[in-house]
Amino acid sequence: DAGVTQSPTHLIKTRGQQVTLRCSPKSGHDTVSWYQQALGQGPQFIFQYYEEEERQRGNFPDRFSGHQFPNYSSELNVNALLLGDSALYLCASSFGQGNYEQYFGPGTRLTVT
Amino acid sequence: ILNVEQSPQSLHVQEGDSTNFTCSFPSSNFYALHWYRWETAKSPEALFVMTLNGDEKKKGRISATLNTKEGYSYLYIKGSQPEDSATYLCAFEGSQGNLIFGKGTKLSVKP
């Protein structure tokens, strides 16, 4: 079992560009959550996908969007990148909703210049 | 705005010392409290998911307690080892199911 995988590992983008990050959940998991961790902060919840639909959303602007595919993998898209979007983006997978351990991937480090 | 606070922010102990950290969270709309261990350059690793007031969980030398009425959880490490060095995160799960994380406690254990 490969666990949760994310790609790419690192990414450098310029302000105004768009970026797509990818996540494959742990085998058997059907729910994917995305988090942003800025320097010195705990991970902040962006949104959660289940059955290919956004189920929950945190306090992030519409520039942040996502998608879940039939195989439960997921993408996070960020449009019109700002310097403040520089962060570690973590993906976590789980089965169902609530009270279950979320398994995290190693993250994608995004740097916006 | 829901707030999860962890203390201390960082901790330096000697090998063999026992230590503990605190996580404070909202006492309303509680669903679960999660503890994670995050080593540098690795993925956060789930330690415990706690749901009931008074719950105590243990995994090897690490244990945790939960008080949902007053909104706090303690994580204990007995006989710290250098491999325990990591950031320990707690996360509050409310009725909506998403996790609200604290900033973490960074533990360094010196041999």
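Letters A, B, ... mirror the listed sequences (proteins, then strands); counts begin at 1.
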- line: One option among Gly58(A), Pro43(A), Pro106(A) has the most heavy-atom pairs under 4.5 Å with chain B, and it is Pro43(A)
Heavy-atom contact with chain B under 4.5 Å, split by part of [X]:
{"X": "Tyr35(A)", "value": "side chain"}
{"X": "Gln102(A)", "value": "both"}
{"X": "Leu88(A)", "value": "side chain"}

message: Does any backbone or side-chain atom of Leu89(B) lie under 4.5 Å from a heavy atom of chain A? Answer side chain, backbone, both or neither.
response: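 Contact with chain A: side chain only.
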- request: Would you mind checking which part of Phe48(B) comes under 4.5 Å of any heavy atom in chain A, side chain (CB onward), backbone (N, CA, C, O), both or neither?
  value: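 Neither; nothing under 4.5 Å.
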With the threshold set at 4.0 Å, does a side-chain nitrogen-carboxylate oxygen contact exist between [X] and [Y]?
{"X": "Lys42(B)", "Y": "Glu45(B)", "value": "no"}
{"X": "Arg37(B)", "Y": "Glu39(B)", "value": "yes"}
{"X": "Lys13(A)", "Y": "Asp85(A)", "value": "no"}

message: Is a donor from one side chain sitting under 3.5 angstrom from an acceptor on the other, for Ser80(B) and Asp17(B)?
response: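 There is no such pair between these side chains.
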- request: Check whether the side chains of His34(B) and Glu93(B) place a donor and an acceptor atom closer than 3.5 Å, and report yes or no.
  value: yes
message: Consider side-chain contact (heavy atoms from CB on, under 4.5 Å). Of Pro25(A), Cys23(A), Ser24(A), which one does Ser93(A) pass it with?
response: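 Passing option: Pro25(A).
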Options Ala91(B), Ala46(B), Pro44(B), ranked by heavy-atom pairs under 4.5 Å with chain A, top entry: Pro44(B)
